[in-house]
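Encoded as structure tokens, the structure appears first; notes follow it.
Residue numbering restarts at 1 for every chain, and letters A, B, ... go by the order of the sequence lines.
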There are 2 protein chains.
Amino acid sequence: MSTRRTTRQQQAVSSILERHGDFRSAQEWHALLRESGEAVGLATVYRTLQTLADEGTIDVLRSPAGEAVYRACSSGGHHHHLVCRRCGRAEEIEAAEVERWTSATATAYGFTDVTHTLEVFGRCADCS
Amino acid sequence: MSTRRTTRQQQAVSSILERHGDFRSAQEWHALLRESGEAVGLATVYRTLQTLADEGTIDVLRSPAGEAVYRACSSGGHHHHLVCRRCGRAEEIEAAEVERWTSATATAYGFTDVTHTLEVFGRCADCS
DNA sequence: CGGCGACATGAGAATGAGTCTCATTTGCTG
DNA sequence: CAGCAAATGAGACTCATTCTCATGTCGCCG
């Protein structure tokens, strides 16, 4: 069933995501890989990022500009981010209160099958 | 300075946004306008939506699929949405708790100049 | 009322992220 | 080692959005 192969390319993608801790677009990761000598086709970068995201291994979100940005996250569970809009560095944050509030509110309005997005952007201490 | 002209096209856009209360993409609003006989160029629809959004007259957010969707909102102030992912209908929701929580958390991490996005998607009572 | 200048419009070209196709390469398992 | 299915990558393609630029239109001034 899970005929999951381990290719050089997939390892290169995972590994570069782990070396850098910030959110970057597929195109940026692709460029970084090329610079580092570990060339990987753009299509493969997209495919791999998507697979990893589906697995929950990495996190995706949309930058204010509307493009998808990816990063490796330590916590496997559900969490949100506090992202520096200048340098891309991100903190993982837990938001139990918010979880509770959204699900209560949604229920109050008769909504079911609820999901939510919450991202916080700002300027980190270093970039101020 | 404010050489703001009132054109038929801009009125048509504003007006159709007000007649329907849901989130739709620029392309969809454009199609609706055409159907209603009030044809407006696609580029103009984009321009007008963007202007209205900048003014704060309408709200923009990104659908899960990644395209920008727009809708006229009654409340001028800051608020969030509970959006039906099937029919696009949306409720405006206030989230004082969440506002407080995000700003407190961001401050705790040394972040400044903080903004946030919060959107809740689900299936409304009618669409369940 | 006719003219003028600036802003607005719209058709189509251009851009750019992301996806798809398909011939080729490459882990893996026997 | 052989064979096959999965993975790759170059490039074509899609599709939302933006840009360009020729033309239209609003509002004012004399």
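Cluster membership check: A/Val114 does not share its hydrophobic cluster with B/Val83, using side-chain heavy-atom separations under 4.5 Å among Ile, Leu, Val, Met, Phe, Trp and Tyr.
Across the protein-nucleic acid pair, B/Gln27 atom CD and D/dT18 atom P stand 11 Å apart, rounded to whole Å. Rounded to whole Å, atom P of D/dC15 lies 21 Å from atom CD of A/Glu67. Taking atom CH2 of residue B/Trp29 and atom P of nucleotide D/dA16, one finds them 17 Å apart after rounding to whole Å. Whole-Å rounding puts the A/Gln50 CD to C/dC20 P distance at 9 Å. When rounded to the nearest whole Å, the span between CD of B/Glu38 and C1' of C/dT9 equals 15 Å. Between the CG atom of B/Leu33 and the P atom of C/dT9 there is a distance of 12 Å, given to the nearest Å. In this structure, B/Tyr46 atom OH and C/dG16 atom P are separated by 16 Å, rounded to whole Å. One interatomic measurement links the two molecules: CZ of B/Arg34 to C1' of C/dG10, which rounds to 11 Å at whole-angstrom precision.
Using a 4.0 Å cut-off, some side-chain N or O of A/Gln10 falls inside it from OP1 or OP2 of D/dT8. A sub-4.0 Å separation between OP1 or OP2 of C/dG10 and a side-chain N or O of B/Gln9 is present.
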Self-check item: Candidate pair B/Glu38 and B/Ile16, rule side-chain contact (heavy atoms from CB on, under 4.5 Å), full reasoning
Solution: CA-CA 10 Å; B/Glu38 298 253 53; B/Ile16 203 157; over 6 Å; no
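Under the 4.0 Å criterion applied to side-chain N and carboxylate O atoms, B/Asp113 and A/Arg85 are assigned as salt-bridge partners.
Minimum atom distance to the side chain of B/Ala43 is reached by C/dG12, of the listed D/dT8, C/dG12, C/dT19. Which of C/dA17, D/dT8, D/dG11 sits closest to the side chain of A/Thr44 comes down to D/dT8.
Across the interface with DNA chain D, nearest-nucleotide mapping of B/Arg62 and A/Val40 shows A/Val40 to be the residue nearer the 5′ end. Summary of the strand contacts: A/Leu42 and B/Val69 both lie near DNA chain D, and taking for each the nucleotide with the nearest heavy atom, the more 5' one is attributed to A/Leu42.
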Which pairs, protein N/O on one side and nucleotides 23-29 of chain D N/O on the other, fall under 3.5 Å?
from, atom 1, to, atom 2, distance (Å)
D/dC26, O2, B/Arg5, NH2, 3.2

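Donor-acceptor pairing under 3.5 Å is lacking for the side chains of B/Gln9 and B/Thr48. Using modelled atom types, one finds no donor on one side chain facing an acceptor on the other under 3.5 Å when comparing B/Arg47 with B/Thr51.
Ring geometry for A/His80 against A/His116 counts as tilted: the plane angle lies between 30° and 60°, on a 0 to 90° scale.
The minimum heavy-atom distance linking B/Ser14 with B/Leu52 is given by the pair OG-CD1, 4.0 Å.
A donor N or O paired with an acceptor N or O is not found under 3.5 Å between the base of C/dG18 and the side-chain atoms of A/Arg47.
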